[in-house]
Number of protein chains: 2
Amino acid sequence: MSARESPLLRKIATVLSLSEAERAFVRDLEKSRRPVSARTDLVKQGERYDRVGILQAGWAIRYKTLSDGRRHVINFLLPGDVFGVFLQLFEIPDHSIAMLTDGTLATFETPQLVEAFRDHPRVAAAFTWFAAREESIIAERATSLGRRTALERMAHIVLELYRRLEAVELAGNGSFELPVTQEILADTLGLSLVHANRTLRKLREIGLVDIEGKTILLQNIRALKVVADFDDLFLYIRKMPESVQQQFIEASG
Amino acid sequence: MSARESPLLRKIATVLSLSEAERAFVRDLEKSRRPVSARTDLVKQGERYDRVGILQAGWAIRYKTLSDGRRHVINFLLPGDVFGVFLQLFEIPDHSIAMLTDGTLATFETPQLVEAFRDHPRVAAAFTWFAAREESIIAERATSLGRRTALERMAHIVLELYRRLEAVELAGNGSFELPVTQEILADTLGLSLVHANRTLRKLREIGLVDIEGKTILLQNIRALKVVADFDDLFLYIRKMPESVQQQFIEASG
DNA sequence: CGGCTACTTGAAGGATTTCAACGTAGGTGG
DNA sequence: CCACCTACGTTGAAATCCTTCAAGTAGCCG
């Protein structure tokens, strides 16, 4: 399964093995592909939303806005990421999702999500795993915001994005494309735009990263990890235990 | 259902209505009650954990520690809160959970969780709702950490805790018990202990709250909400739509 | 070329941390 | 039963990280 064809299937393969029938089911969830352009809101804070989305290509952000306009970016959505599973429950989202770049989006309706949980337990297991992992990514970022310095936060998010992009073959050999303005980075890391810029420069000056246009080069991953106090446990990059998969099969049976 | 007997059932009742059989099933999940004393770790970062916990009485925190000892408190666990549902998937937690006060804990094993999802869809729906809500609470706190000032953060968490405690009848008439040291509060809000102390004092000086020992009195809820830019949408205090409950029933059927 | 948007840098100001010290209450042991 | 100990809270002063203000540069597109 190439990442280009279905980054979601690529990502699922890092967690568990699907049968051909299950892969076909996932492909069916993704069949409604359509292009979306940068700056489009996929979900709007406070406005009813009732589909599940799978980002096929491009980057998006989940974000919140305070009433005076201050913005916080909760998380990045990368190709292969799913959104709206929990929104199905709440119906009214407490945050917005916007495309950062042009991209491709597939969406499907709630009944198909129900079908996944009833008839395709391994697909359901993967969706649940990714939902749980998203919480753990947000908790790790909250830890950065609360207890890491600006430099540490910047080093940390560079490593996080690198590891997440690796899973969908969009990073490797110590580099990746970061199609994100410094303002977005600042809103993610709880910094002012000016300080985000200086922090990035410092990361360059001390030889940890290099930047060429939109490309980030990790010059010294080991040193980056030390600076960021980066432990990838929170990304749960590993196979789901067989016993856990079995539980999903039993629960649906 | 009194909150004293089962804060979880009390909390579930704010979201959806269970049949008597379903309530009996939940009571069964809770039947292994045992006392736990302050400072006990219920879950340890990096150490395998394989039960689901329901906090019956007392307060706990989910927290992370950086390698140099800096600590961040991800969230508070209050009576009626469930933990470990997602940990079942990952097996190795990326955070710890510690009791702040003496309390009472019930735990049950994974097969019973599976049973809930197979045979008691409304119970499963409630568990899922609470898991989704926890993510939204963490995302809101990340927003505080990223974009609110110290005073705004403090006002925000006071209101958050007030609203969450109301649901289990541990707050009302504008006051609640806060069995939390200022150091814990500082580690939650990303502040130094000293500044947390000054911020709390300022909240008192401008007449928004009053503090008598461990009791917090909200003197001016409206002004607190303005200062905190508090919108309770993120707490999803409301009934789960019938249509969503129906989906859980279909998925298990 | 004009007008965007993103990036960069200096300087001043402010919010928050760190360092240091002291106060207070509750618990324990001599 | 008082002295001591420890945990928690409080406050002042200096230092620092980060923000804000201001200005200018670079690249891109119509």
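Within every chain, numbering begins at 1; the chains are lettered A, B, ... in the order of the sequence lines, protein sequences first and strands thereafter.
- Among the protein residues, B:G190 comes within range of the sugar-phosphate backbone only, with heavy atoms under 4.0 Å from sugar or phosphate atoms but none that close to a base.
- The shortest distance between side-chain heavy atoms of A:I74 and A:T188 does not fall below 4.5 Å.
- Residues A:S37 and A:D102 have side chains that never bring a donor and an acceptor to within less than 3.5 angstrom of each other.
- Taking atom CE of residue A:M154 and atom P of nucleotide D:dC18, one finds them 11 Å apart after rounding to whole Å.
- Side-chain atoms of A:E152 and A:S144 form no donor-acceptor pair, as typed in the model, at a separation below 3.5 Å.
- Defined by atom type and a distance below 3.5 Å, a donor-acceptor pair is missing between the side-chain atoms of A:R147 and B:H72.
- Between the CG atom of B:L191 and the C1' atom of D:dC18 there is a distance of 15 Å, given to the nearest Å.
- Relative orientation of the A:F86 and B:F86 rings is parallel, given thresholds of 30° and 60° on the angle between their planes.
- Side-chain N/O atoms of A:Q88 and A:D50 include no donor and acceptor closer than 3.5 Å.
- A ring-centre distance under 6.0 Å is found for B:F234 and B:H156.
- Boundaries of the chain A contact region on DNA chain C are C:dA6 to C:dA11, first to last in 5' to 3' order (nucleotide atom under 4.0 Å from a heavy atom).
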Exercise. For nucleotides 6-16 of chain D, read 5' to 3', which letter fits each nucleotide if B means a protein heavy atom sits under 4.0 Å from the base, S means only the sugar-phosphate is that close, and - means neither?
Worked result: --SSBBBB---
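- Side-chain atoms of A:D210 do not come within 3.5 Å of backbone N or O of A:L217 as any donor-acceptor pair.
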